[in-house]
Amino acid sequence: MKNVKLKTTFLSALLVTSSLYMAPAGVFEPAKAVAAPGQSAAAFDQKVINRISADRMYEDVYHLTETIGPRVAGTPAEKETADFIKERLLSYGYDVEIQEFAISDTVLGHLQTDAGNEVLVNVPAGSAATADTGLTASLYDGGLGYPEDFSTEAVGKIALISRGGIPFAEKVNNAYAAGAVGVLIYNNIDQPGPINPSLGSAAVQIPVGGITKASGEALLADVEAVGGNVTLTVSAIENATSQNIIATRTPKKGGGDGIVHVTAHYDSVPFAAGASDNASGTATALEIARVLKSYPIDEEVRFAFVGAEEIGLVGSRYYVSQLSQDEISRSIGNFNMDMVGTSWENATAIYMNTLDGQPNIVSETAAATGKRIGTPSELILYQRGASDHVPFYEAGIAAVNFIRREPGTANLEPYYHTPLDTIEFVSAERLKEAGDLVGASVYQLIKK
């Protein structure tokens, strides 16, 4: 505990005594770099950034997205990814632990027209399943899904309903009451990916899917022209599990007893290869782990690759819940990486998200590192949750989510959670930038 307290106290004092401030535009101005006894902080930076390889990270993104593909929580693809990460970390010489945990049943869907065209569809939790062969039926134009939008012609058909007006579950229940055997809800705004219509806590009696506005309008045209037959398949993975892969290095005798946690989630949403979200963060964390595998360290470092982030931060919450009170009290901080490699030209800033919007030892260390190494992108301190840094903060551990966004608007890339989230929109240069920044910052907190 002594070393942790000394390091934390020193950085806290730096926050008070430096010229750090929050600029009007939200740009995080770093404090003066901290020199290590006997060697400059800049020299330690170079030991890391000289070895961080953009090519290695890009190759890993390629493998995760092009070879494995969408890595939905609870699916074989997510498990394949976990095995890939585990074997890589073992090859680096880390002590590796697998944490398996239960998740809610995973529901997957497939939609095909009678002409053989595949339509992207999201199946919400609570949807009824179909037979393995799917549900084949003609479509019925159900308008907005009000009771008066249905007639006796809806019986035995799949209702095609527009978003808007009333809650999704109410639309589905109205269709079921009218005799429909399934529901497809299409968006009322143009977005690249299909909507995921939340049905709330109650399950419904018929299968439900969400599709894009463009798909809905195309299917409506089919209804008017040829009657519009489709086959909707909904399957559930019951008793599903996910897993965290944890790689640990401890200092040799005489080191400190602090812990630095580096995290990234490796699962993705359905239909998305998840290149930016979050093969980019996963690949960057793997590369930092490679570089730091043999350097002398003074504090413990743990790389936690967490599953099931996309369904509610389940993996990171489980990871933190398994920490003892002693481990929590010894924790220096958490560096979480999510969507750090997008090539979207507007995402010129690396946001350092904290739940309270205030600087901490992680953001301060990163800001100082960025100034020393000349990080090209501006670093912006921002108040935001919605990623795996949340459980750490809630446990009292300083935590920052590193993510690329558009300055001013804080917008994410337009490919977010869509089928367009492919390696085509990942930048090797930005992967390198994130690896340098976070890798050198982590090393500043664990080095001898």
Side-chain angles (χ1 to χ4, degrees), residues 47-48 51-53 56-57 60-61 63-64 71 78 81-101 242-251 255 258-267 278-309 313 315-320 322-323 327-328 330-341 362 365-366 387-389 391-392 397-403 431 434-447:
K47 291 182 70 173
V48 175
R51 295 187 61 209
I52 293 286
S53 168
R56 284 179 181 271
M57 290 183 284
D60 281 346
V61 173
H63 179 77
L64 293 170
R71 305 169 300 281
E78 193 203 32
T81 306
D83 290 341
F84 165 76
I85 293 169
K86 178 187 72 173
E87 293 305 317
R88 176 69 65 79
L89 295 168
L90 286 172
S91 75
Y92 293 157
Y94 283 89
D95 293 328
V96 178
E97 173 191 358
I98 304 299
Q99 287 182 336
E100 188 174 79
F101 51 90
S242 182
Q243 53 281 308
N244 298 328
I245 308 95
I246 305 156
T248 302
R249 271 197 73 202
T250 55
I259 305 170
V260 173
H261 308 265
V262 182
T263 56
H265 78 86
Y266 62 91
D267 62 314
N278 186 35
S280 67
T282 300
T284 304
L286 279 172
E287 178 64 359
I288 294 171
R290 183 190 71 84
V291 171
L292 298 183
K293 66 185 175 68
S294 56
Y295 283 158
I297 59 174
D298 191 43
E299 310 287 359
E300 179 178 329
V301 60
R302 295 184 188 177
F303 292 89
F305 297 84
V306 298
E309 187 267 358
L313 316 182
S316 56
R317 290 194 183 280
Y318 186 82
Y319 173 77
V320 173
Q322 299 304 296
L323 297 175
E327 288 173 311
I328 291 173
R330 292 192 289 115
S331 292
I332 297 171
N334 165 233
F335 292 78
N336 172 247
M337 288 176 286
D338 201 347
M339 302 175 67
V340 293
V362 176
T365 301
S387 195
D388 288 314
H389 61 307
F392 290 89
I397 300 171
V400 172
N401 165 235
F402 294 84
I403 188 168
L431 290 172
D436 289 350
L437 176 67
V438 176
S441 297
V442 170
Y443 194 44
Q444 288 297 323
L445 292 180
I446 65 172
K447 70 183 187 311

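Thr282 meets the side-chain hydrogen bond (donor to acceptor under 3.5 Å, both in side chains) test with no other residue; sequence neighbours excluded. Taking the salt bridge (Lys or Arg N to Asp or Glu O under 4.0 Å) definition, one finds that Asp436 meets it with Lys432, sequence neighbours left out.
Between Tyr319 and Gln99 there is a side-chain heavy-atom pair separated by less than 4.5 Å. Side-chain atoms of Glu327 and Arg302, non-hydrogen and from C-beta on, do get closer than 4.5 Å to each other. Side-chain atoms of Asn334 and Thr263, non-hydrogen and from C-beta on, do get closer than 4.5 Å to each other. Taking 4.5 Å as the limit, some side-chain heavy atom of Glu309 sits within range of a side-chain heavy atom of Asp338. Side-chain contact between Pro296 and Lys447: absent, with no pair of heavy atoms (C-beta onward) separated by less than 4.5 Å. Within the 4.5 Å cutoff, the side chain of Ile288 has heavy atoms near those of the Phe303 side chain. Under the 4.5 Å side-chain criterion, counting only non-hydrogen atoms from C-beta, Arg71 is in contact with Leu64. At least one side-chain heavy atom of Phe84 sits less than 4.5 Å from a side-chain heavy atom of Asp60.
Annotation: cation-pi geometry not satisfied between Lys47 and Tyr443 (NZ/CZ under 6.0 angstrom from ring centroid, within 45° of ring axis).
When all heavy atoms of Gly281 and Asn278 are compared, the pair lying nearest together is N-OD1, 3.0 Å. Across all their heavy atoms, Phe101 and Gly307 have their closest contact at CZ-O, 4.0 Å. Of all non-hydrogen atoms in Ser242 and Ala308, the two that sit nearest each other are OG-N, 3.7 Å. The two atoms that bring Ala289 and Tyr92 nearest to each other are C-CD1, 4.3 Å, heavy atoms only. Residues Ala279 and Val61 approach most closely at O-CG2, 3.7 Å, considering heavy atoms. Between Ala82 and Gln243 the shortest heavy-atom distance is CB-CG, 3.6 Å.
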For side-chain contact (heavy atoms from CB on, under 4.5 Å), just list the numbers for Glu87 and Leu90, CA-CA rounded to whole Å, side-chain angles, deciding distance to a tenth of an Å, and then say yes or no. CA-CA 5 Å; Glu87 293 305 317; Leu90 286 172; 4.2 Å; yes
Using the rule given for side-chain contact (heavy atoms from CB on, under 4.5 Å), can you reason through Phe402 versus Ser387, listing the C-alpha separation, both sets of side-chain angles and the distance that settles it, and then say yes or no? CA-CA 10 Å; Phe402 294 84; Ser387 195; over 6 Å; no
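Interatomic distance, Leu323 CG to Ile259 CD1, rounded to the nearest 0.5 Å: 7.0 Å. Note: Tyr318 OH to Asn244 CG = 8.5 Å, rounded to the nearest 0.5 Å. Atoms CG and CD1, from Asp298 and Ile446 in turn, are 9.5 Å apart once rounded to the nearest 0.5 Å. Atoms CE and CD1, on Met337 and Ile403 in that order, are 12.5 Å from each other to the nearest 0.5 Å. Here the CD1 atom belonging to Ile246 is positioned 10.0 Å from the NE2 atom belonging to His261, to the nearest 0.5 angstrom. Between the CD atom of Glu78 and the CG atom of Asp267 there is a distance of 5.5 Å, given to the nearest 0.5 Å.
With hydrogens and angles ignored, the 3.5 Å screen pairs a side-chain donor or acceptor of Glu287 with a backbone N or O of Ser53. A side-chain donor-acceptor contact under 3.5 Å links Arg249 to the backbone of Tyr295. Judged by distance alone, the side chain of Arg56 and the main-chain N or O of Leu286 form no donor-acceptor pair under 3.5 Å.
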